[in-house]
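Throughout, protein chains are lettered first and strands after them, A, B, ... in sequence-line order, and every chain is numbered starting at 1. What you are looking at is a predicted structure, and each value in this text was computed from that prediction instead of being measured. No hydrogens, no waters, no symmetry mates; every other heavy atom, side chains included, goes into these values.
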2 protein chains.
Amino acid sequence: MEKAPRSNDLRTRVGGQSGLERRPLVHVRLDDVDHRLLAALAEDARLANNALAQKVGIAPSTCLARVRRLRDEGVLRGFHADVDPALAGRPLQAIVAVRMHGAARSRLKAFLRELAELPGVMNVYLLGGAHDFFVHVAAPDSDGLNDFVIENLSANPGVALTETNLIFEHVRASWY
Amino acid sequence: MEKAPRSNDLRTRVGGQSGLERRPLVHVRLDDVDHRLLAALAEDARLANNALAQKVGIAPSTCLARVRRLRDEGVLRGFHADVDPALAGRPLQAIVAVRMHGAARSRLKAFLRELAELPGVMNVYLLGGAHDFFVHVAAPDSDGLNDFVIENLSANPGVALTETNLIFEHVRASWY
DNA sequence: TATGAAACAGCATAAGT
DNA sequence: ACTTATGCTGTTTCATA
């Protein structure tokens with residue numbers, strides 16, 4: 001039996017999920033233990049398997065298998081550090097609401113993908129409703145924000161209008 | 001020498017930052033290595049110190065000290081698992097824009113704090129602009145979403161109007 | 001399917017250069 | 001800031017219930 005190079009299954013195959021590609025929409029049955037695992041990892045993604053197992057009351061080996069299953073099924077999409085944009089040089093956050101011209105809607109998803117790659121862009125939400133999408137962006141200053149909106153949004157001929165909402169506070173909820 | 005119970009410094013003192021409390025607004029100088037560390041951890045929060053060090057091209061001990069500094073300074077706010085709401089039983093996401101009555105604005109922050117604790121609430125954004133805040137929420141179904149808006153938002157006498165935007169796609173950007 | 005033990009590998013941590 | 005060295009912990013497999 002060839003020995004695979006020890007792949008820490010909790011850490012590998014993380015990321016690489018843009019959120020834009022269509023997912024097979026499987027239904028996953030999650031029991032109470034699974035929910036506790038998800039809650040614990042949502043709160044602290046760096047919990048070691050041992051500590052995690054103890055926290056939810058199962059054996060480490062069982063815990064490892066459960067978490068691997070959750071990852072393989074796609075319930076656990078990844079593990080990310082939460083960086084404070086203000087302290088990382090981007091103290092000015094905004095949510096820019098954008099409406100497109102009707103003809104440009106076919107290229108919308110590709111456009112969003114490009115936007116998500118731009119520096120400072122934190123989230124992009126494709127919407128149904130009065131606006132077509134929201135861009136959550138963090139900028140170094142007011143000029144930077146203005147430049148972002150003008151150069152990356154308004155400059156696009158498909159963009160009909162933008163509405164910039166400054167963010168005064170952002171509370172990231174604990175999820176459940 | 002008393003042996004402190006091995007505290008993995010990368011994992012301790014994580015969480016407990018709601019985002020609502022006022023921060024001392026210190027300026028942090030980040031060099032290129034720091035930015036690479038943040039980017040790497042934002043992409044995969046479970047990278048072990050060794051692997052992280054190798055990835056950014058510094059020694060493990062240096063890496064440990066750097067990351068600890070980033071955490072102590074508040075640049076690294078925490079490490080969170082990214083759970084797919086759809087596969088976890090909440091396939092319907094929305095961003096609800098809310099405007100308050102003028103008189104109710106003084107209690108706004110406390111209100112947001114309460115909202116953030118509700119099941120399904122993922123983000124709350126306090127805004128300046130046409131709306132007072134946005135609530136990013138994930139609901140089990142259309143009824144659940146409706147109930148959330150009515151019971152937790154419209155029911156509040158301070159709420160003047162709500163505008164629910166369904167989310168078709170959510171792209172979480174790679175941060176930088 | 002979950003558990004527990006055992007073995008191994010790999011990591012955090014603290015010296016010293 | 002790097003290198004080295006050392007306990008020690010976490011991961012992993014396998015046998016068992």
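Whole-Å rounding puts the A/Gln54 CD to D/dT9 P distance at 13 Å. Remark: C1' of D/dT11 and CZ of A/Arg68 are 10 Å apart, rounded to the nearest angstrom. Atoms CG (A/Asn49) and P (D/dT13) sit 12 Å apart, rounded to a whole Å. Whole-Å rounding puts the A/Arg29 CZ to C/dT1 P distance at 16 Å. Atom-to-atom, NZ of A/Lys55 to P of D/dG10 comes out at 15 Å; the value is rounded to the nearest Å. The CG atom of A/Asp32 sits 14 Å away from the P atom of C/dA2 (whole-angstrom rounding). Computed from coordinates, the B/Asp34 CG to D/dA1 P distance equals 9 Å when rounded to whole Å. One can place CZ of B/Arg46 at 17 Å from P of C/dG10, the figure rounded to the nearest angstrom.
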Give the table of side-chain donor-acceptor pairs shorter than 3.5 Å for residues 137-152 of chain A, with sequence neighbours excluded, one pair per line with atom names and distance.
residue	atom	partner	partner atom	Å
A/Asp141	OD1	A/Asp143	N	3.1
A/Asp141	OD1	A/Gly144	N	2.7

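Here C/dT13 is the nucleotide among C/dT13, D/dT12, C/dA2 with the atom lying nearest to any side-chain atom of B/Leu64.
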Tabulate protein N/O versus nucleotide N/O from nucleotides 15-17 of chain D, keeping only pairs under 3.5 Å, one per line.
none

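Checked against ring-ring contact (aromatic ring centres under 6.0 Å, His included), A/Tyr125 has the following partners two or more places apart in sequence or in another chain: B/His136, B/His170. Looking at residues two or more places apart in sequence or on another chain, you find a ring-ring contact (aromatic ring centres under 6.0 Å, His included) between B/Phe134 and A/Phe134, B/His131. B/His101 meets the ring-ring contact (aromatic ring centres under 6.0 Å, His included) test with no other residue; sequence neighbours excluded.
Sorted by first then second residue, the salt bridge (charged side-chain N to carboxylate O under 4.0 Å, His left out) pairs that include residues 155-164 of chain B, not counting sequence neighbours, number zero. Within the structure, salt bridge (charged side-chain N to carboxylate O under 4.0 Å, His left out) pairs that include any residue of residues 92-101 of chain B do not occur (at least two apart or interchain). Among residue pairs with one or both ends in residues 31-41 of chain B, those qualifying as salt bridge (charged side-chain N to carboxylate O under 4.0 Å, His left out) are B/Asp31-B/Arg66, B/Asp32-B/Arg36, B/Asp34-B/Arg66, B/Asp34-B/Arg69; sequence neighbours excluded.
Rounded to 10 degrees, the angle separating the terminal helix axes of the helix from C/dT1-D/dA17 to C/dT17-D/dA1, each built from five base pairs, is 30°.
Looking at every heavy atom in both residues, B/Leu30 comes nearest to A/Ala88 through CD1-CA, 3.8 Å.
Mapping A/Ser61 and A/Asn50 onto DNA chain D via the closest heavy atom, the residue that lands nearer the 5' end is A/Asn50.
Residue A/Arg66 places at least one side-chain N or O closer than 4.0 Å to OP1 or OP2 of C/dA2.
More than 12 heavy atoms of other shown residues, nucleotides or ligands fall within 6.0 angstrom of atom CZ in A/Arg105.
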